Amino acid sequence: MKADAVTIYGASSPKINPAYLEAADRVGRLLAHAGVPLVCGGGRTGIMAAAIDGAITAGGTAIGVLPEFMVERQWQHPGLTRMEVTPDMHARKELMAGMARAVIAMPGGVGTLEELLEIITWRQLGLYQGNVVILNVDGYFDPLLDMLDRSIQQHFMNPDHASLWLVADTPERAVSLALDTPVEHRPFTQKIV
């Protein structure tokens, strides 16, 4: 499978700061204008929905990747261009990474944080080689970035591990960093068990 899309990680909660939803909509629109498919968890609410709406409104492609139990509960966005159904969450994350030339993490809860830290770990291990961009809207990720810096300072991570992720404060910068991924990018191909 050719990894030409950009995967978005973000909240499914609808009760969040409108600035986060506006940023997600903008990311979706920017990817559509660049002719790059958007991949996300495919949810019908929150940041995922805003990014999907932005991409679709701007004439782009929005691909949702959902495990079977979410489809059974009808959590998918009705406007998806395409939906990929996986047997479980692990397969979902693997497929989302495999489709992505880069990922952009937007504000979210434990699921988003888990996806972000896992893709950083995969990048550290050489299992994923696309850019990992943290879109730090309104400083949302400041505590996590401080914790990652503390991990480096206290030698839990090597100083060069700070290059495993990039930080942007605007949707425009996030998409620019995501699309800066080399053409010869090798997507995630090793099965994680």
Side-chain angles (χ1 to χ4, degrees), residues 1-14 16 20-21 23-25 27-32 34-123 127-135 171 174-175 178-179 181 185-193:
M1 179 181 310
K2 185 179 177 199
D4 61 351
V6 170
T7 288
I8 304 296
Y9 299 142
S12 60
S13 173
I16 57 175
Y20 302 151
L21 299 174
D25 178 86
V27 167
R29 289 173 187 271
L30 289 166
L31 290 173
V36 176
L38 176 146
V39 172
C40 70
R44 62 184 320 127
T45 57
I47 283 176
M48 284 186 281
I52 292 165
D53 289 342
I56 296 300
T57 300
T61 300
I63 303 165
V65 182
L66 295 100
E68 291 172 354
F69 79 91
M70 288 184 180
V71 175
E72 290 168 4
R73 296 175 186 174
Q74 299 183 358
W75 289 356
Q76 68 272 20
H77 190 289
L80 289 169
T81 308
R82 188 170 98 218
M83 185 170 65
E84 298 286 342
V85 180
T86 63
D88 54 44
M89 293 293 284
H90 295 290
R92 176 197 209 189
K93 291 184 294 180
E94 183 178 344
L95 181 58
M96 288 172 68
M99 297 172 77
R101 62 183 285 172
V103 301
I104 298 174
M106 299 194 64
V110 294
T112 301
L113 295 173
E114 186 265 340
E115 288 171 321
L116 172 58
L117 292 174
E118 185 168 56
I119 201 73
I120 289 172
T121 302
W122 288 356
R123 191 153 191 255
L127 301 174
Y128 180 78
Q129 296 170 355
N131 285 346
V132 175
V133 181
I134 298 171
L135 179 46
V175 170
L179 298 183
T181 306
H185 156 68
R186 290 182 297 136
F188 175 80
T189 56
Q190 184 171 343
K191 182 96 171 149
I192 298 291
V193 287

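Since the structure is predicted, the reported quantities are computational estimates derived from the model, not experimental observations.
- The CD1 atom of I119 lies 10.5 Å from the CD atom of E114; values are rounded to the nearest 0.5 Å.
- In this structure, L179 CG and L30 CG are separated by 9.0 Å, a value rounded to the nearest 0.5 Å.
- Annotation: side chain of V6 is not in contact with side chain of V175 (no heavy-atom distance under 4.5 Å).
- Salt-bridge annotation for E115 and K93: absent, with no side-chain N of the basic residue lying under 4.0 Å from a carboxylate O of the acidic one.
- Distance CZ/R101 to CG/N131: 9.0 Å, rounded to 0.5 Å.
- The OH atom of Y128 sits 6.5 Å away from atom OG1 of T7, with the distance rounded to the nearest 0.5 Å.
- The pair E94-R92 does not count as a salt bridge, with every side-chain nitrogen at least 4.0 angstrom from each carboxylate oxygen.
- In terms of heavy-atom proximity, A178 sits nearest to A102 at O-CB, 3.4 Å.
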Show me the donor-acceptor pairs within less than 3.5 Å that the side chains of residues 40-69 make with the rest of the protein, sequence neighbours left out.
unit_1 : atom_1 : unit_2 : atom_2 : d
R44    : NH1    : Q74    : O      : 2.9
R44    : NH1    : Q76    : O      : 3.2
T45    : OG1    : S12    : O      : 2.5
D53    : OD1    : H77    : NE2    : 2.7
T57    : OG1    : D53    : O      : 2.7

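- Here the closest heavy-atom approach between residue A91 and residue P87 is recorded as CB-CD, 3.8 Å.
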Go through it in stages, so that I can follow the logic: the residues are L21 and I16, the test is side chain to side chain contact (heavy atoms under 4.5 Å, CB included), and I'd like the CA-CA distance, side-chain angles, deciding distance and then a yes or no. CA-CA 8 Å; L21 299 174; I16 57 175; 3.7 Å; yes
Determine, step by step, whether M83 and V85 satisfy the side chain to side chain contact (heavy atoms under 4.5 Å, CB included) criterion, reporting the C-alpha distance in whole Å, the side-chain angles of both residues, the deciding distance to 0.1 Å, and the verdict. CA-CA 6 Å; M83 185 170 65; V85 180; 4.1 Å; yes
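- In this structure, CE in M106 is found 10.0 Å from OH in Y20, a value given to the nearest 0.5 Å.
- Tested against I8, the residues V103, L31, L135, T112 include a single side-chain contact (heavy atoms from CB on, under 4.5 Å) partner, L31.
- Residues R82 and M99 approach most closely at NH2-CE, 3.2 Å, considering heavy atoms.
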